[in-house]
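In what follows, a single structure is set out as structure tokens and then discussed.
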Amino acid sequence: MSRVKPVTRLPRSFYNRSTEIVARELIGKYIILNTSEGRKAARIVEVEAYIGEEDPACHAACGPTIRNALMYGKPGVSYVYFIYGMYYCLNFVTERKGFPAAILLRAAEPVDGVESMRHTTRHEPDHRILSGPGKFCRAFGLALAQNGLDLTGSILYLEDRNEQSPEIGVSTRIGIRKGVEKLWRFFDSGSRAVSGSQR
DNA sequence: TGAATGATGCGCT
DNA sequence: GCGCATCATTCAT
């Protein structure tokens, strides 16, 4: 007798907790995007936490601005920003309203809609298509139009497929100049889709 | 296998 | 004007 594993959509209460805990638990969860183009899904294997005004690498380090206002808002919302003149990065807002924190999605493994993602990179094996925050957004077609989406809605949301938890690796964050010492990068140490090195 | 570099535009001071 | 939570390419070892 086979039992179907329960699949649950992550509720807002999941995001309304300590960002470090949420980031660690996001590894192995699934991100789903439904658009007129079709459905895309991927398994999250790498994230970074950006926590509060005391974190010099956090966009909220200089206090609230128009740009980072979403990080001060309610948890369970997407925060998309444009960087380096070419790339978008997707974040999930965490913690209570008024406390600015978010989790950057850095890498994932393609699950559904792989064909449409493959067109965004050239000569890459499947497990590298989503291996980087800019590459992920490009493959998923995410841009500023997807900024501020409610992750408890039906367009963009995360799923817990109740799989066995992967082995979690921890390291310093990548690509930042301030706040380098914080061990706030979490990844699935068994996944080839993790960006860069695994140390 | 790793380090250096150019492309590129927006938000902030 | 400067700096940036990047990527792909080039050049060096």
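It should be emphasised that the depicted structure is a prediction, and the values quoted were computed from it without experimental measurement. Naming: A, B, ... by sequence-line order, numbering from 1 per chain. Worth knowing before you read on, the calculation uses all heavy atoms, side chains too, and leaves out hydrogens, waters and symmetry mates.
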Next item on the list: Using atom CG of A/Leu130 as one end and atom P of C/dC7 as the other, report the distance to the nearest whole Å.
Entry: 11 Å
Item checked: Gap between atoms CG and P, on A/Asp55 and C/dA5 respectively (whole Å) -> 10 Å
Next item on the list: Have a look at A/Tyr50 and say if it touches a base, only the backbone sugar-phosphate, or nothing, with a 4.0 Å heavy-atom cut-off.
Entry: base
Note to self: Strictly below 4.0 Å: does A/Arg138 bring a side-chain N or O up to OP1 or OP2 of C/dT6?
What the structure shows: no
Item checked: Protein-nucleotide distance (A/Arg106, atom CZ; C/dC7, atom P), rounded to Å -> 7 Å
Next item on the list: Under the side-chain contact (heavy atoms from CB on, under 4.5 Å) rule, what do A/Thr19 and A/Tyr50 come out as? Steps first, then yes or no, please.
Entry: CA-CA 8 Å; A/Thr19 305; A/Tyr50 290 86; over 6 Å; no
Check: Within the distance-only criterion (no hydrogens, no angle test), does the side chain of A/Asn162 pair as donor or acceptor with the backbone N or O of A/Pro6 below 3.5 angstrom?
Finding: yes
Check: To the side chain of A/Arg67, which of B/dC12, B/dT13, C/dT6 is closest?
Finding: B/dC12
Next item on the list: Indicate, with a heavy-atom threshold strictly under 4.0 Å, whether A/Gly134 touches base, sugar-phosphate, or nothing.
Entry: sugar-phosphate
Check: B/dG11 P sits how many Å from A/Tyr84 OH, rounded?
Finding: 16 Å
Next item on the list: Let me know, please, whether A/Met86 or A/Thr65 comes out on the 5' side of the other along DNA chain B by nearest nucleotide.
Entry: A/Met86
Next item on the list: Specify whether A/Tyr79 and A/Tyr81 have parallel, tilted or perpendicular ring planes, treating 30° as the upper limit for parallel and 60° as the lower limit for perpendicular.
Entry: tilted
Margin query: Check the phosphate of C/dA8 against A/Lys135, side-chain N and O only, distance under 4.0 Å to OP1 or OP2. Yes or no?
Written below: yes
Next item on the list: Kindly say whether A/Asp126 contributes a backbone atom to a donor-acceptor pair with the side chain of A/Arg118 at under 3.5 angstrom?
Entry: no
Checklist line | Distance in angstrom units between A/Met71 CE and B/dC12 P, rounded | finding: 12 Å
Next item on the list: Grab the CG-C1' distance between A/Asn91 and C/dA5 for me, whole Å please.
Entry: 8 Å
Next item on the list: Rounded off to whole Å, could you give me the OH-to-P distance for the A/Tyr79 and B/dG11 pair?
Entry: 10 Å
Note to self: Measuring from the side chain of A/Ile83 (C-beta onward, heavy atoms only), which nucleotide among C/dA8, B/dA7, C/dA5 has the closest atom?
What the structure shows: C/dA5
Check: If a stem is a run of at least 3 consecutive Watson-Crick or G-U pairs, both distances under 3.5 Å, which stems include DNA chain B?
Finding: B:1-7 with C:6-12, B:9-12 with C:1-4
Check: Under 5.5 Å between ring centres and under 30° between planes: does that hold for A/Tyr81 against the base of C/dA5?
Finding: no
Check: Between A/Thr121 and A/Ala57, who's closer to the 5' end of DNA chain C by nearest nucleotide?
Finding: A/Ala57
Notebook entry, point to check: Do A/Ile103 and A/Tyr15 have side chains that get closer than 4.5 Å, going by heavy atoms?
Noted result: no
Margin query: So, taking the atom named CG in A/Asp55 and the one named CZ in A/Arg173, what distance separates them when rounded to the nearest 0.5 Å?
Written below: 4.0 Å
Checklist line | Distance in angstrom units between A/Arg128 CZ and C/dT6 P, rounded | finding: 15 Å
Note to self: Could you go through A/Val93 and A/Lys74, starting from their C-alpha distance and side-chain angles, then the distance that decides it, and tell me whether this counts as side-chain contact (heavy atoms from CB on, under 4.5 Å)?
What the structure shows: CA-CA 7 Å; A/Val93 176; A/Lys74 66 181 177 185; over 6 Å; no
